[in-house]
There are 2 protein chains.
Amino acid sequence: MRLGRAGRGVAGHSRRSRRRPAPATVAPVSDAPAPPTARGDRTRQLILDTALRMFRERGYAATTMRAVAREAGVAVGNAYYYFPSKEHLVQHFYADLQERLRAAAAPALAAETAFAPRLRAVLHAGIDTTAPYHDFAGTFFKTAAAPTSPLNPFSPESAGPRETAVGLFRDVLDGAAVKPDPELRADLPELLWLAYLGVVLYWVHDRSPGQRRTRTLIDGAVPLIDRLVGLSRLRVLRPVTREVTALIRALRA
Amino acid sequence: MRLGRAGRGVAGHSRRSRRRPAPATVAPVSDAPAPPTARGDRTRQLILDTALRMFRERGYAATTMRAVAREAGVAVGNAYYYFPSKEHLVQHFYADLQERLRAAAAPALAAETAFAPRLRAVLHAGIDTTAPYHDFAGTFFKTAAAPTSPLNPFSPESAGPRETAVGLFRDVLDGAAVKPDPELRADLPELLWLAYLGVVLYWVHDRSPGQRRTRTLIDGAVPLIDRLVGLSRLRVLRPVTREVTALIRALRA
DNA sequence: CCTCTTTTCTGAACGCGTTCAACTAAGCGT
DNA sequence: ACGCTTAGTTGAACGCGTTCAGAAAAGAGG
């Protein structure tokens, strides 16, 4: 019989202290070609690869921690030795996707010079890349929305992917011949990323075949954003623009 | 030993067929004052009241279905006879809150006639009413974000509360001396409700003491919205306004 | 070779939301 | 009274994510 402190099941938030150190990118000094990676690194990678493959093939719900462990040939506790939670495993899946989004958007960004087509290409690339995982996204979106989740786009753990994404929209602007209000200019990449989150929000709930409605949203919203950005220099809109920039600066954590 | 089809645990989406009919609001014809409610109705109410009280007192996570059943003096299966899932129980909590929001906003709506203060009062009332449940909201927000959840604000099950909320913003406009673009006017209540969802989204993630930042957001965003609504009739903005209304009409499911 | 520490790994146990076969209580026609 | 149908109720069982005491493997020092 178990006598220690009772487990907390699904509600657990605290993280345990007995934890493997952050994965070293390089091996310690050693000239023998022998094991290219330490044992732990190999196990960690095995578990991660197995999980990502299963996420792709079976979706979120069917990829249980037990199934991942069984498929990888380890005990379930071993998976938790390397990854604090299932969500952390999903985070790697998410990072993978973002990498592919960047790659998918690259050709269009190299070819186009106007703002609207550049923005449109990136947004459509986002949908193209994630389309195969629409159902997956629906299930996992809920955990990403929780304020305490590491998957939350605003969380510290997501800082890396977030800055990658914001950087993508910075590229969209940098390569474009567009002249927004200079005060707005600095915050615009982040605002475009927020708009992108809005598109994702709509996409996740979009049940139309092939998520056609989301394409409609993008094609309708891009010219609007384009026009608003151009209009931001207009005298009547100046105070509005100024208020917007002042507000988002006050709200940034 | 159990031999039937294995349970599906937390991933369950299908709803069973053996289900109690929708609760009749009135009792069948009967002149005896006898039992004011049928046995089933009393049990249902007992479970619901117990659950709502526990949500208030202990929060979402600590209010387990077993605990609710124990506190109400019934078996856990009995709770599931009346409510398909824990989320459906939460939905009643949510409806309760919305009722209180409406009541909290009423005095200000009766006193004010200008658009901005009316909108501001409703948004602040929303924060005031839900403030005691900020932690609760954080935990339960994640399930509300799932596209398949009945708690999702866009779901058919939420149609009632949603229309109540949109109606509140219709009141805000109806009683105000404001003249937006007539094409925009019809969609404006829904747009204001969307803005309110944005405020809630920010509020849920707002960790500042007393959620002061959310107050800042409201006080900053309301004059902006006010100005934009007033500006929507401006000639330069007409095409933009028209595009906005056309787009949101195309996107409505 | 033997000890001692650190890293890696194991699997039973926990509490959760949910399901379901079986039981009891109530209503109803005869 | 009696069977018969329906409404209401029970609680053990399921699979899930997660935890943890301890076993096994790998190094380190002699």
Side-chain angles (χ1 to χ4, degrees), chain A residues 1-21 23-24 28 30 35 37-44 46-47 51 60-70 72-90 139 143 149, chain B residues 1-21 23-24 28 30 35 37-44 46-47 51 60-70 72-90 139 143 149:
Chain A
M1 234 271 227
R2 196 141 163 305
L3 293 174
R5 185 168 68 82
R8 271 170 304 90
V10 75
H13 276 294
S14 75
R15 296 288 170 229
R16 73 161 165 307
S17 48
R18 175 162 58 98
R19 171 62 36 69
R20 167 153 228 273
S30 137
T37 51
R39 181 158 80 122
D41 289 344
R42 259 183 302 131
T43 308
R44 188 195 139 90
L46 171 67
I47 291 166
Y60 181 79
T63 305
T64 68
M65 293 301 280
R66 283 183 236 288
V68 169
R70 194 179 336 109
V74 300
V76 57
N78 203 2
Y80 280 93
Y81 180 72
Y82 292 102
F83 302 95
S85 77
K86 188 178 177 181
E87 296 184 22
H88 281 79
L89 242 14
V90 178
T139 333
T143 81
S149 169
Chain B
M1 235 267 230
R2 198 141 163 302
L3 293 173
R5 183 169 68 79
R8 272 171 304 89
V10 74
H13 275 293
S14 74
R15 295 290 170 229
R16 72 163 168 305
S17 47
R18 174 162 59 99
R19 171 63 35 72
R20 166 152 231 274
S30 138
T37 51
R39 181 160 77 123
D41 289 344
R42 259 183 302 130
T43 308
R44 189 194 138 90
L46 170 66
I47 291 166
Y60 180 81
T63 305
T64 69
M65 292 302 280
R66 284 183 234 290
V68 170
R70 192 179 338 109
V74 300
V76 55
N78 202 3
Y80 280 93
Y81 180 74
Y82 293 101
F83 301 94
S85 76
K86 188 179 177 180
E87 297 185 20
H88 282 79
L89 242 14
V90 178
T139 331
T143 79
S149 169

D:dT9 phosphate, OP1 or OP2, under 4.0 Å from B:T43 side-chain N/O: yes
Presence of A:Y81 side-chain N/O under 4.0 Å of C:dC9 phosphate oxygens OP1/OP2: no
Distance in angstrom units between B:R42 CZ and D:dA7 C1', rounded: 13 Å
Closest to the B:T64 side chain, choosing from D:dT9, C:dC16, D:dG17: C:dC16
N/O (side chain, A:R39) to phosphate O (OP1/OP2, C:dC9) under 4.0 Å: yes
Length of the CE-P vector between A:M65 and D:dG15, whole Å: 18 Å
Rounded distance (Å) that lies between atom C1' of C:dG17 and atom OH of B:Y60: 9 Å
Along DNA chain D (nearest heavy atom to each residue), the more 5'-positioned of B:A75 and A:V76: B:A75
Spacing of OH belonging to B:Y81 relative to CD1 belonging to B:I47, to within rounding of 0.5 Å: 11.0 Å
Length of the CZ-C1' vector between B:R70 and D:dT10, whole Å: 16 Å
Protein-nucleotide distance (B:F83, atom CZ; C:dT19, atom P), rounded to Å: 15 Å
Sugar-phosphate, base or nothing in reach of B:V74, heavy atoms under 4.0 Å: sugar-phosphate
Closest non-hydrogen atom pair between B:A79 and B:M65, with its separation: CB-CE, 4.1 Å
Validation row: B:R44, B:F83 side chains within 4.5 angstrom (heavy atoms): yes
Any N/O donor-acceptor pair, A:R66 side-chain to D:dG15 base, under 3.5 Å: no
Phosphate OP1/OP2 of D:dT9 contacted by B:Y80 side-chain N/O (<4.0 Å): no
side-chain hydrogen bond (donor to acceptor under 3.5 Å, both in side chains) partners of B:S149, counting only residues at least two apart: B:E87
Phosphate OP1/OP2 of D:dT10 contacted by B:N78 side-chain N/O (<4.0 Å): yes
Closest non-hydrogen atom pair between B:A67 and B:A62, with its separation: CB-O, 4.4 Å
For atom NZ of B:K86 and atom P of D:dC16, their distance in whole Å: 20 Å
